[in-house]
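First the structure, in the form of structure tokens, and then the observations on it.
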Amino acid sequence: MKRLITLIAVISTMLFLFACSQQPQQAQATKEDVNVRLELQKASTLEKIVNRGSLRVGTEAGYMPFEMTDKKGNVVGFDMDLLAEMAKAMGVKLEIVNTAWDGIIPGLMSDKYDIIAAGMTINQERNLKVNFADPYIIVGQTVLLNPKFADEIHSWKDLNDPKYTITSKLGTTGEQAVKRLLPKATYKSFEMEDQAMLETLNGKAVATVYDLPMCSIFYTQRGKEAGMKFLDKPFTYEPLGWAINKGDPDFLNWLNNFLRQMKNDGRYERIYNKWFGSNDWYEEIAH
């Protein structure tokens, strides 16, 4: 009996000493976890924006009605109004960095700006380099036809022929759609979308393939009167989203919650109707 009592006492003492030895280790581990979280928080782009006092946005001012230059030299548009609300919610100033399209992702990756808002389609190729917030609008590719071919071409599929020259903007999903879905057609790229559309309007190309919003604006402003045919049913699914650098879950979380709030409190609808429900803004844009 004495041996049993002695054994129990020894085991109890050992367990107590083991528990005591573990407490400093657990405390150290908890402290390290807190430090890691604090370091991750400091590394977040969102934290840097707030501390800097400005939201730097990379865009290319040439995609109606998302981002354009007005007659006063200001960058305006659907994206810009959303960004103004974003900066307001952060309590910082909005800083627009206008840049060429082919360098817009490298610019983000080299920290020239915090976010890309340029009517950018979310696709897997781009997603390898950057992260995207949830889509803020869905668009797709449509077709503008030269008047001479209005009776000859009835579907985008009819354009898949070497005798047809198709235009679009360099480096865009319009260009990708032509190369992927209309590989037999003769393709010609342009630096700006309006150049591609003018090529079709002037009879130097049969059709232009480009995003629905821009094709719709060009058709309303110039194409309809000139007799162009607008195949306005999108034949691709293209969600547009804000791009940020990889490895930043805090910023991504904030953006998605901001967008959700915007779409449910009436602000998004108001901004959308301003730019897509009316052409009143067109007269203020530099042409």
Checklist line | Check against side chain to side chain contact (heavy atoms under 4.5 Å, CB included), I116 and I244 | finding: CA-CA 7 Å; I116 294 173; I244 64 171; over 6 Å; no

Next item on the list: List the steps, then state whether salt bridge (Lys or Arg N to Asp or Glu O under 4.0 Å) holds for R270 with E85.
Entry: CA-CA 12 Å; R270 171 178 56 80; E85 291 292 332; 3.6 Å; yes

Next item on the list: May I have the step-by-step check of salt bridge (Lys or Arg N to Asp or Glu O under 4.0 Å) for R56 and D111, ending in yes or no?
Entry: CA-CA 10 Å; R56 302 173 305 167; D111 198 37; 3.0 Å; yes

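The number of heavy-atom neighbours closer than 6.0 Å to CG of D151, taken from other residues, nucleotides and ligands shown, is 12 or below. More than 12 heavy atoms of other residues, nucleotides or ligands shown are found within 6.0 angstrom of CD on E152. The environment of CD in E191 is sparse: at most 12 heavy-atom neighbours from other residues, nucleotides or ligands sit within 6.0 Å. More than 12 heavy atoms of other shown residues, nucleotides or ligands fall within 6.0 angstrom of atom NZ in K246. Under a cut-off of 6.0 angstrom, the local environment of CZ in R126 is crowded, with over 12 non-hydrogen atoms contributed by other residues, nucleotides or ligands.
The structure places OG1 of T200 at 12.5 Å from NZ of K148, a figure rounded to the nearest 0.5 Å. Note that CG of L231 and CH2 of W156 are 11.5 Å apart. Values are rounded to the nearest 0.5 Å. Atoms CD and OG1, from E238 and T173 in turn, are 3.5 Å apart once rounded to the nearest 0.5 Å. Taken from OG1 in T208 to OH in Y219, the straight-line distance is 14.0 Å, to the nearest 0.5 Å. Rounding to the nearest 0.5 Å places CD1 of I137 at 8.5 Å from CG of D79. In this structure, the separation between CD on E175 and CZ on R180 is 12.0 Å, given to the nearest 0.5 Å.
L82 has its side chain within reach of M262: a pair of non-hydrogen atoms, C-beta onward, lies under 4.5 Å apart. Between K157 and L182 there is no side-chain heavy-atom pair separated by less than 4.5 Å. M68 has its side chain out of reach of E284: every pair of non-hydrogen atoms, C-beta onward, lies at least 4.5 Å apart. Between R267 and Q261, the closest side-chain pair of non-hydrogen atoms falls below 4.5 Å. N256 places none of its side-chain heavy atoms less than 4.5 Å from the side chain of F251. Counting only heavy atoms from C-beta outward, the side chains of N202 and M197 never approach each other to under 4.5 Å. Contact of the Q141 side chain with the D211 side chain is registered, since non-hydrogen atoms from C-beta on lie closer than 4.5 Å.
Both W275 and Y136 are members of a single hydrophobic cluster when ILVMFWY side chains are connected at heavy-atom separations under 4.5 Å. Put simply, L94 and F258 are part of the same group of oily side chains (I, L, V, M, F, W, Y) that touch within less than 4.5 Å, one to the next.
Inspection of the T99 and E60 side chains reveals no N or O donor paired with an N or O acceptor under 3.5 Å. Using a 3.5 Å distance cut-off with no hydrogens or angles, the side chains of Y113 and E95 do not pair a donor with an acceptor. Inspection of the N253 and N257 side chains reveals an N or O donor paired with an N or O acceptor under 3.5 Å.
Relative to the six-membered ring of Y268, K263 meets both conditions, a distance below 6.0 Å and an angle of at most 45° to the axis. Under a cutoff of 6.0 Å and an axis angle of 45°, K274 and W281 do not form a cation-pi pair.
You'll find the ring centres of F132 and W242 outside the 6.0 Å limit. Ring to ring, Y210 and F190 are not that close: their centroids are 6.0 angstrom or more apart.
The side chain to side chain donor-acceptor pair (under 3.5 Å) with T45 is formed by just one residue from the set D114, D250, D248; it is D248.
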